[in-house]
There are 2 protein chains.
Amino acid sequence: MVPLLLISVLNAQAQEPPVGLRVPRLIAGPLIVETAEQPLIRVTVVARGLVHPWALAFLPDGSMLVTERPGRLRIVRDGVLDPKAITGIPEVRAKAFGGLQDVALHPKFAENHLVYFTYLKPVENDMGAPVVARGKLEGGALTEVRDILVADAYAGNSALSARIAFGTDGMLYVAPGGNIDNVAQEPGSLRGKILRVRDDGSAPPDNPFAGRAGYRPEIYSLGHRNSLGLIVHPQTGAVWNNENGPNGGDEMNIILPGRNYGWPLVSFGREYTGPRISDAPAREGIESPIVVWLPAIAVSGMAVYTGDRFPKWKGNIFVGSMRTGEVRGTGHLERIVLTGKNEELRRESMLGELRQRIREVRQGPDGYLYLLTDEDDGALLRIEPAQ
Amino acid sequence: MVPLLLISVLNAQAQEPPVGLRVPRLIAGPLIVETAEQPLIRVTVVARGLVHPWALAFLPDGSMLVTERPGRLRIVRDGVLDPKAITGIPEVRAKAFGGLQDVALHPKFAENHLVYFTYLKPVENDMGAPVVARGKLEGGALTEVRDILVADAYAGNSALSARIAFGTDGMLYVAPGGNIDNVAQEPGSLRGKILRVRDDGSAPPDNPFAGRAGYRPEIYSLGHRNSLGLIVHPQTGAVWNNENGPNGGDEMNIILPGRNYGWPLVSFGREYTGPRISDAPAREGIESPIVVWLPAIAVSGMAVYTGDRFPKWKGNIFVGSMRTGEVRGTGHLERIVLTGKNEELRRESMLGELRQRIREVRQGPDGYLYLLTDEDDGALLRIEPAQ
């Protein structure tokens, strides 16, 4: 567990753009906002005082698990944040972008109470390794916690994201970040990949590279820079990710087994100092994204809306943005409308007036949308129709 | 001259996205806005009640010429809009995106009083042809008005933009829109090109395709969809354009003689119905844009800031946006920071809270920025530092 005093130091280590807007304190009362297709929405602060909340999962009783990046797992019951953290989270290395990150329930959680989470595990020389762990949630505690998948450690002080999602095939999909050097193309590394493993972390025999020399058998797809969103599409069962480009070139992909998504060989983006990553943003044999952002919006959590509360949003993709165009204080919630063939029709940027880093977006069992703001004084927000 | 009653009909003919925000009436008083690098700016409404103002040019005495798309040339003296239009503008066809558009002064205006403008000229069967005309500005009248360049007429009821800018070589650069069919690639058409002509509209002998069979000698570059911005960079003398992509793929280009900029063979954009325009967004032998927008922001007028009022904005590119992501009511002013090699570093979206279509942006001789909002009740805005 990392003391709060360390938080400002942690932030200083994260890459932040050199210029930006001041981030105001979130309003206390509900905010009514006009949007393009679901005219008025109400944004309510459900809980605040969360320290860099990162991910959100709904328990069968409607409670919410919320991770805080410094290493706490919190629970919100009946709309009230329990001041006590859930015990049992191992020590995390909360530096750069690392720490406690994603959380997801086992598909048979009602029977086995298993909670999966990702974190940056301290290893030698101040380094960290992205890890998937699981534990049994009983009372206010995770018990029988154990690491089920340990990826290769990051070099130096760097660290990225690790998202997880259970597929309709019962397999766990895992996306550890890979933007450093050529690691995303290296078949012997688990980073910069999307992995497909059993619920105990072992590789199933039908994975695309199973048995191929030099390839880790967990690999499902290659060439991912840093997956900030990873979901199983609720209507099709397909695995989708989104990933941060560098300066420009954030992208959303449909993940197919054995395919290469190009990082760092091919990108729509630029180095932060200006030069293009690649001469051309597409290449034969490399999967092209279905949505690209230029400029980058620092894409983060992702959800497909399937509820009845917002009829005009059905099937739309929601993506959190932590900033736009390399300017601090310009995070927002992005809504994307696709055709039935997953071709883009339009995008709407919402909630930019809050100036918050929107880290996570999930649909609740009540059909509302829930967001997390990744700030020192982070919040859980609920979006409802206001008319 | 088009009666005001027709304006709503004209608007209905223009392609507008199916969804959007309500556009509020512009505030009356000055608005103070925080921005990322020039902390507080003040936005003042200099003049309102302009009907779809399109372009702005500064006279040597600091007065401003403003075109209104329905066919009027207006003048703002000492910050006051003259209720009387300048006489002498020929009949325009104000349909689709056409009408009276750009305006520019001859480099020797102080001696010859020549004003250049572009408009859509009515031709047979309700069609219109993009035209560059010029006249002598004397008193409140343009006299000796004549067309100096008449491009091929648009098919059906369509019509696009035509921008003009005088180069440091004394030549007039002209960009008539070309997004229909393959016209931007046809060497016998003047549309979808950037043209380079003398101040009387004739082609100089050193143009890149001069004397080549099948090519119009006025052509300077090919493959442009619809240039909404055309400037001569005040620091380098290079010709820059920006052009609207379709659904996605707005771009900014540095224009080199004889080059092909790709439309409709290569684009970062999609059809409005979803499919990609081209398999890949880049191709050998096609010039790639220096800045691309995904989603599109409906780029419009463009300026490079060179004044002293906003020291942090020096060298930045400003581009008007008429909407973002195919959502109405999301126009804004975009600021782009490039390296000395014209590589993108960051972009800032400003003034989105106004929800106006920003058609034009120019730097005034006083070092402030001036904008036009292309609305039924359009306005001339001035941006100053507020601290």
Side-chain angles (χ1 to χ4, degrees), chain A residues 17-22 24 34-39 247-251 268-276 278-284 288-289 291-296 312 323-330 334-349 352-353 355, chain B residues 17-22 24 34-39 247-251 268-276 278-284 288-289 291-296 312 323-330 334-349 352-353 355:
Chain A
V19 300
L21 304 175
R22 283 171 293 191
E34 186 189 351
T35 76
E37 285 179 271
Q38 190 64 47
N247 182 351
D250 288 359
E251 49 183 65
F268 283 75
R270 294 177 175 277
E271 306 281 1
Y272 291 101
T273 52
R276 289 183 205 282
S278 56
D279 284 344
R283 188 193 290 185
E284 195 73 28
S288 276
V291 176
V292 174
W293 282 267
L294 283 167
K312 298 280 183 60
R323 61 168 182 264
T324 304
E326 301 307 317
V327 174
R328 269 184 290 112
T330 55
E334 187 127 334
R335 182 177 68 92
I336 304 160
V337 183
L338 304 175
T339 68
K341 296 179 184 170
N342 297 320
E343 299 161 328
E344 181 183 347
L345 288 179
R346 57 187 175 272
R347 305 183 203 179
E348 181 182 13
S349 168
E353 51 271 75
R355 298 193 183 175
Chain B
V19 300
L21 304 174
R22 281 171 293 191
E34 186 189 352
T35 76
E37 284 178 272
Q38 191 62 50
N247 182 350
D250 288 358
E251 50 183 65
F268 282 75
R270 294 178 174 277
E271 306 281 0
Y272 291 100
T273 53
R276 289 184 204 282
S278 57
D279 284 344
R283 187 193 290 185
E284 195 74 28
S288 277
V291 176
V292 174
W293 283 266
L294 284 167
K312 298 281 182 61
R323 62 169 181 263
T324 304
E326 301 306 317
V327 173
R328 269 184 290 112
T330 55
E334 189 126 332
R335 181 178 67 92
I336 304 160
V337 182
L338 303 175
T339 68
K341 297 177 183 171
N342 296 321
E343 300 161 328
E344 181 182 348
L345 288 179
R346 56 186 176 273
R347 305 182 203 180
E348 180 181 14
S349 169
E353 52 271 75
R355 298 194 182 175

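Chain A is the first sequence line, chain B the second, and so forth, proteins listed ahead of strands; every chain is numbered from 1. On a predicted model such as this, the values are computed, not experimentally measured, just so you know.
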For this session: For the pair Arg22(B) and Glu34(A), evaluate salt bridge (Lys or Arg N to Asp or Glu O under 4.0 Å) and give the outcome as yes or no after the intermediate values.
Result: CA-CA 8 Å; Arg22(B) 281 171 293 191; Glu34(A) 186 189 351; 3.2 Å; yes
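Contacts between Pro39(A) and chain B at a heavy-atom distance below 4.5 Å are absent for every atom of the residue. Heavy atoms of Thr330(A) lying under 4.5 Å from chain B are absent altogether. Heavy-atom distances place no part of Arg283(A) under 4.5 Å from chain B, backbone and side chain included. Interface remark: Thr273(A) contributes backbone atoms only to the contact with chain B (heavy atom separation under 4.5 Å).
In this structure, Ala36(A) and Val327(B) approach most closely via the heavy-atom pair CB-CG1, 3.5 Å. In this structure, Thr35(B) and Leu21(A) approach most closely via the heavy-atom pair C-CD2, 3.4 Å. When all heavy atoms of Asn247(A) and Glu344(B) are compared, the pair lying nearest together is ND2-O, 3.3 Å.
In this structure, CZ in Arg270(A) is found 14.0 Å from CZ in Arg346(B), a value given to the nearest 0.5 Å. For the atom pair CG of Leu345(B) and CD of Glu271(A), the computed distance is 12.0 Å after rounding to the nearest 0.5 Å. Rounding to the nearest 0.5 Å gives a distance of 9.0 Å between CG of Asp279(A) and CD of Glu284(B).
Side-chain atoms of Arg276(B) do not come within 3.5 Å of backbone N or O of Glu343(A) as any donor-acceptor pair.
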